[in-house]
**Q** 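Input: one structure, supplied below.
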Number of protein chains: 2
Amino acid sequence: MGKDEAQKLVTTLKALANPIRLRIIASLVDEPKHAYALAKEMGLSYPLTHLHLKGLRKMGLVKEIEHETKTEGRPSARTYAPSKFELLLTPERIRDILKEDG
Amino acid sequence: MGKDEAQKLVTTLKALANPIRLRIIASLVDEPKHAYALAKEMGLSYPLTHLHLKGLRKMGLVKEIEHETKTEGRPSARTYAPSKFELLLTPERIRDILKEDG
DNA sequence: CTGGTATATAAGAAATTTCTTATATATATA
DNA sequence: TATATATATAAGAAATTTCTTATATACCAG
């Protein structure tokens, strides 16, 4: 097992292939923040922001970091930051990844 | 002009975020071929293959190359090969690309 | 006790993407 | 002329993704 590198590549690309999710990553690089603050900053509803964030978290592109003791007080405020991913795609790499797992 | 690098990134990622389109690129890296041959090889209908190929061509990820004088004869057989693209994605690059064209 | 901050999720609508089927054209070979 | 090769596209069905609205919980300040 431990295969299907190809399927993982597709889901990672799908996670990235969305303007809102790219903006979320861009915003969190500058400064890690809560889903609620992110929603306000981006002019989006909280549920939509939460949804996109969930997709990014599931793919490991964004992670929850330990509380900055900044916006303190409210119920368990979760701060998010982008993971340190690096994705390099060329035709040859795509072929190599797809060949690994028929 | 020359703007909206961000939108181009999204459409490129969308073009890549599909298992069939990744398989098409992988197959064409090994050997450039016609849409028809590609469809047969992949076990897909010609119209579906043509559709995916069209999307890849539109984004410049696949290009038509000059006839190999190989499968000669039939009506204007068009041979395709992947373009030499290179896409490197990190959180910082995403931020930089999105900042260029607010 | 109301409003603002903060979380999470479900249901369904809306939009987009994906895929099939049908149509049309054209050539070379058996 | 029938078959296999080869192209292109349109119409609509099917599937998936995206987004809104509603619901529920919880804490703190005024």
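Below, chains carry the letters A, B, ... as their sequence lines are ordered, and counting in each starts from 1. Please read these numbers as outputs of a predicted model, since none were measured by experiment.
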**Q** State whether the side chain of S83(B) and the backbone N or O of G60(B) hold a donor-acceptor pair below 3.5 Å, judged by distance alone.
**A**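 The answer is yes, because a donor-acceptor pair under 3.5 Å joins these two groups.
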**Q** Closer than 3.5 angstrom, by distance alone: can the side chain of R93(B) be matched with the main-chain N or O of L88(B) as a donor-acceptor pair?
**A**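 It does hold such a pair.
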**Q** Any idea which of dA6(C), dA8(C), dT7(D) is nearest the Y36(A) side chain?
**A**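 The nucleotide sitting nearest to the side chain is dA6(C).
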**Q** Taking all non-hydrogen atoms of both residues, which atom of L13(A) and which atom of L16(B) are closest, and how far apart?
**A**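 Scanning both residues completely, I find the closest heavy atoms to be CD1-O, 3.5 Å.
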**Q** From the set dT21(C), dA8(D), dA6(C), return the single nucleotide nearest to any side-chain atom of S45(B).
**A**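 So the side chain of S45(B) is nearest to dT21(C).
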**Q** Restricting to non-hydrogen atoms, name the atom on L28(A) and the atom on Y80(A) that form the minimum distance, rounded to 0.1 Å.
**A**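 Smallest interatomic distance, heavy atoms only, reads CD2-O, 3.5 Å.
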**Q** From dA8(D), dT18(D), dA8(C), pick the nucleotide closest to the side chain of R78(B)?
**A**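 Among the listed nucleotides, the one closest to the side chain of R78(B) is dA8(D).
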**Q** Could you tell me how far apart L44(A) (CG) and dT7(C) (C1') are, to the nearest whole angstrom?
**A**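 That distance rounds to 17 Å.
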**Q** Measure the distance from CD1 on I24(B) to P on dC19(C) and round it to the nearest whole Å.
**A**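 From I24(B) CD1 to dC19(C) P: 10 Å.
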**Q** Does N18(A) put a side-chain nitrogen or oxygen below 4.0 Å from OP1 or OP2 of dT17(D)?
**A**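 Checking dT17(D) against N18(A), no side-chain N or O comes under 4.0 Å of OP1 or OP2.
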**Q** Between L38(B) (CG) and dT5(D) (P), how many Å, whole number?
**A**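 Between P of dT5(D) and CG of L38(B): 15 Å.
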**Q** When rounded to the nearest 0.5 angstrom, what is the spacing between CD1 in I20(A) and CG in L44(A)?
**A**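 One finds 5.0 Å between CD1 of I20(A) and CG of L44(A).
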**Q** Could you tell me the separation between the CD atom of E64(A) and the C1' atom of dA8(C), rounded to a whole number of Å?
**A**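 Rounded to the whole Å, the gap is 13 Å.
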**Q** Any side-chain heavy atom of L51(A) within less than 4.5 Å of one from L53(A)?
**A**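 L51(A) does not reach L53(A) side chain to side chain.
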**Q** Rounded to whole angstroms, how far apart are CG on L13(A) and P on dT17(D)?
**A**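 Rounded to the whole Å, the gap is 13 Å.
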**Q** For the helix from dC1(C)-dG30(D) to dA30(C)-dT1(D), figure out the bend between the end axes, five pairs an end, and round to 10 degrees.
**A**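 Taking the rotation axis at each end, their angle is 10°.
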**Q** Considering only NZ, NE, NH1 and NH2 on the basic side and carboxylate oxygens on the acidic side, decide whether E64(B) and R57(B) come within less than 4.0 Å.
**A**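 So E64(B) does not pair with R57(B) through a salt bridge.
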**Q** Could you tell me how far apart H34(B) (NE2) and dA28(C) (P) are, to the nearest whole angstrom?
**A**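 From H34(B) NE2 to dA28(C) P: 14 Å.
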**Q** Any idea which heavy atoms bring R95(B) and A26(A) closest together, and the distance?
**A**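 Reported closest heavy-atom pair: CA-CB, 3.7 Å.
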**Q** What residues from residues 47-63 of chain B pass a heavy-atom cutoff of under 4.0 Å to DNA chain D?
**A**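 Here the set is P47(B), H50(B).
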**Q** Can you see which heavy atom on L38(A) is nearest to which on S27(A), and at what distance?
**A**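 Here L38(A) and S27(A) meet closest at CD1-OG, 3.5 Å.
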**Q** For K40(B), which contact category applies under a 4.0 Å heavy-atom criterion: base, sugar-phosphate, or nothing?
**A**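 Sugar-phosphate contact only - K40(B) comes under 4.0 Å of backbone atoms but never of a base.
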**Q** With heavy atoms under 4.0 Å as the rule, sort A37(A) into base, sugar-phosphate or nothing.
**A**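 Nothing, no nucleic acid heavy atom in range.
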**Q** Would you indicate, yes or no, if dT16(D) has its OP1 or OP2 atom less than 4.0 angstrom from a side-chain nitrogen or oxygen of K14(A)?
**A**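 For K14(A), the contact criterion (side-chain N or O under 4.0 Å from OP1 or OP2 of dT16(D)) is not met.
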**Q** I need the CD1-P distance between I20(B) and dT17(C), as an integer number of Å.
**A**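 Roughly 15 Å, once rounded to whole Å.
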